Amino acid sequence: MDTPTGAPTESPASVTRLVARTMWWNHCVLVVLLVGFVLFRGISPTPDADIGRGLGLMSLEILGMPWTSSSMARFADQLPGLDDRAWVAASSGGAVLNVVLHAALLTVWDRCRGRKPTS
């Protein structure tokens, strides 16, 4: 179907698919950047509180909801000897899991609609 100007229009389903794919890519890039930032800030620890790294960890926990659900606040006092890399893995695990689940949901959605999954 064409518009009055002669330009072809896209169906609502293809627009929805494009928006979903764009959101997935944005989600993926944001998680990768935050994990990289938190790991980079951990290379040279500061003698006092590292506020930037803490904000990065909190952002990863928010992107990892509901899987993280404030895991750092809940278990911080119970595991005082936990390695720094383990804290990063624990806080970023939920965010990475959400990216993987988001990709799986998009693939299932494409297959249910009879389309070949694309990246």
Side-chain angles (χ1 to χ4, degrees):
M1 179 170 11
D2 291 342
T3 61
T5 60
T9 59
E10 295 186 31
S11 68
S14 65
V15 172
T16 303
R17 183 176 183 217
L18 177 66
V19 168
R21 291 281 172 202
T22 303
M23 286 178 58
W24 180 79
W25 277 109
N26 291 338
H27 185 186
C28 187
V29 167
L30 182 62
V31 167
V32 168
L33 287 175
L34 279 171
V35 169
F37 173 75
V38 168
L39 289 174
F40 177 74
R41 295 291 294 207
I43 291 172
S44 58
T46 59
D48 53 353
D50 190 355
I51 303 300
R53 189 167 191 216
L55 291 174
L57 287 170
M58 285 184 355
S59 300
L60 282 171
E61 283 202 9
I62 291 169
L63 289 170
M65 289 292 187
W67 316 116
T68 53
S69 67
S70 303
S71 60
M72 297 300 136
R74 194 169 353 136
F75 299 118
D77 57 343
Q78 297 174 3
L79 305 169
L82 196 59
D83 185 25
D84 192 43
R85 290 175 294 221
W87 283 116
V88 173
S91 64
S92 63
V96 172
L97 177 64
N98 276 347
V99 168
V100 170
L101 291 175
H102 193 168
L105 181 66
L106 288 173
T107 302
V108 168
W109 184 26
D110 283 345
R111 287 189 180 158
C112 287
R113 295 202 177 265
R115 295 188 199 116
K116 183 179 177 183
T118 60
S119 56

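FYI, side chains are in, hydrogens and waters are out, and symmetry mates aren't considered; it's all heavy atoms of this structure. All figures in this text were calculated on a predicted structure; none of them were measured in a lab.
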In terms of hydrophobic clustering (I, L, V, M, F, W, Y; side-chain heavy atoms under 4.5 Å; direct or indirect links), are W25 and L106 co-clustered?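 Same cluster.
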
Same hydrophobic cluster for V29 and L39, using side-chain heavy-atom links shorter than 4.5 Å among ILVMFWY?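 Shared cluster, no.
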
Taking only residues two or more places apart in sequence, or in another chain, which ones meet [X] in a side-chain contact (heavy atoms from CB on, under 4.5 Å)?
{"X": "A103", "value": "W24"}
{"X": "L30", "value": "L34, L63"}
{"X": "L97", "value": "W67, L101"}

Per-pair distances, 0.1 Å, donor-acceptor, side chain in residues 51-60, under 3.5 Å, sequence neighbours excluded:
unit_1: R53; atom_1: NE; unit_2: V38; atom_2: O; d: 3.1
unit_1: R53; atom_1: NH1; unit_2: D84; atom_2: OD1; d: 3.2
unit_1: R53; atom_1: NH1; unit_2: D84; atom_2: OD2; d: 2.9
unit_1: R53; atom_1: NH2; unit_2: D84; atom_2: OD2; d: 3.0
unit_1: S59; atom_1: OG; unit_2: L55; atom_2: O; d: 2.9

Tell me the closest heavy-atom pair linking M65 and N98, and the distance in Å.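 What the structure gives for the nearest pair is O-ND2, 2.9 Å.
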
With sequence neighbours left out, which residue pairs that include part of residues 32-41 fulfil the side-chain hydrogen bond (donor to acceptor under 3.5 Å, both in side chains) condition?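 Sorted result for residues 32-41: R41-D50.
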
Contact list for residues 23-34, test salt bridge (Lys or Arg N to Asp or Glu O under 4.0 Å), sequence neighbours left out: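 Sorted pair list comes back empty.
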
